[in-house]
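For reference, the structure discussed in these notes is given below.
Just so you know, these numbers come straight off a predicted model, no measurement behind them.
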Amino acid sequence: QVQLVESGGGLVQAGGSLRLSCTASGRTFSSYAMGWFRQAPGKEREFVAAIGWSGSITDYADSVKGRFTISRENAKNTVYLQMNSLKPEDTAVYYCAADLRYRAIATMNSPTYWGQGTQVTASS
């Protein structure tokens, strides 16, 4: 069992930055692929970014490429999402997820574990 807790969300002006963190319980964090997803009001949840167990493989949604960076520190059981140049359309609840299969994260194919989410609001 893996429990995920997100933090770092908040209200920021458009053009600003935020860094989200997701800390996992358990001693096998380094075995899991991790990802970030988001869900805006009235919209379906969508993929944002994925990172492999070692950090050497990453993928991003086209809408965030060049602005967001996913990274991880296995020694701290934590994955990060650095968000720069935020836009109002980035406003959403952001969730992290974990799965032993990278493809499950990168294609949002029923990742096994989910966090509770953290709200990000970018105001215009």
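Among pairs with a residue in residues 18-110, those fulfilling disulfide (SG to SG under 2.5 Å) read Cys22-Cys96, at least two apart in sequence or across chains. Under the ring pair (Phe, Tyr, Trp, His ring centres under 6.0 Å) criterion, the residue pairs touching residues 35-94 are Phe37-Phe47, Phe37-Trp114, with sequence neighbours excluded.
Around the CD atom of Gln3, the shell of radius 6.0 Å holds no more than 12 heavy atoms that belong to other residues, nucleotides or ligands. For Gln119, the CD atom sits in a packed shell: over 12 heavy atoms of surrounding residues, nucleotides or ligands are nearer than 6.0 Å.
Here the closest heavy-atom approach between residue Ala104 and residue Pro111 is recorded as O-CG, 3.6 Å. Scanning all heavy atoms of the two residues, the minimum distance from Ser17 to Asn84 falls at OG-OD1, 2.9 Å. The two residues Gly9 and Leu20 come nearest to each other via the heavy atoms N-CD2, 3.6 Å.
By the rule that hydrophobic residues join a cluster once side-chain heavy atoms approach within less than 4.5 Å of another member, Phe29 and Tyr113 end up as members of one cluster. Tyr95 and Val79 fall into different hydrophobic clusters, where Ile, Leu, Val, Met, Phe, Trp and Tyr residues are linked whenever their side-chain heavy atoms come under 4.5 Å apart, directly or through other members.
Using a distance-only test at 3.5 Å, with no hydrogens or angles considered, a donor-acceptor pair links the side chain of Asn77 to the main chain of Ala24. No donor-acceptor pair under 3.5 Å is formed between the side chain of Arg72 and the backbone N or O of Ala33. Not one N or O on the side chain of Glu46 forms a donor-acceptor pair closer than 3.5 Å with the backbone of Arg38. Thr78 places a side-chain N or O within 3.5 Å of a backbone atom of Lys76 that can act as its donor or acceptor partner.
In this structure, CD in Glu89 is found 9.5 Å from OG in Ser124, a value given to the nearest 0.5 Å. Rounding to the nearest 0.5 Å places OG of Ser7 at 9.0 Å from CZ of Arg19. Taking CG of Leu4 as the reference point, atom CD of Gln116 lies at 9.5 Å (rounded to 0.5 Å). Distance CD/Gln1 to OG1/Thr112: 10.0 Å, rounded to 0.5 Å. Note that the OG atom of Ser21 and the CD atom of Gln82 stand 9.5 Å from one another [nearest 0.5 Å]. Atoms CG and CE, from Asp99 and Met108 in turn, are 13.0 Å apart once rounded to the nearest 0.5 Å.
At a threshold of 4.5 Å between non-hydrogen side-chain atoms, the residues Tyr32 and Ile105 do not count as touching.
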**OP:** Please test Asn109 against Arg103 for side-chain contact (heavy atoms from CB on, under 4.5 Å), starting from the C-alpha separation and ending with a verdict.
**Re:** CA-CA 7 Å; Asn109 184 17; Arg103 188 170 181 82; over 6 Å; no

Original post:
Can you check side-chain contact (heavy atoms from CB on, under 4.5 Å) on Arg67 and Met83, steps first, answer last?
Top reply: CA-CA 6 Å; Arg67 300 188 298 121; Met83 306 185 293; over 6 Å; no

**OP:** Go through the steps to decide whether Ser31 and Leu100 satisfy the test side-chain contact (heavy atoms from CB on, under 4.5 Å), and finish with yes or no.
**Re:** CA-CA 6 Å; Ser31 299; Leu100 290 173; 4.0 Å; yes

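Under the 3.5 Å distance criterion, with hydrogens and angles disregarded, no donor-acceptor pair is assigned to the side chains of Thr121 and Thr91.
Under the 4.0 Å criterion applied to side-chain N and carboxylate O atoms, Lys87 and Asp90 are not assigned as salt-bridge partners.
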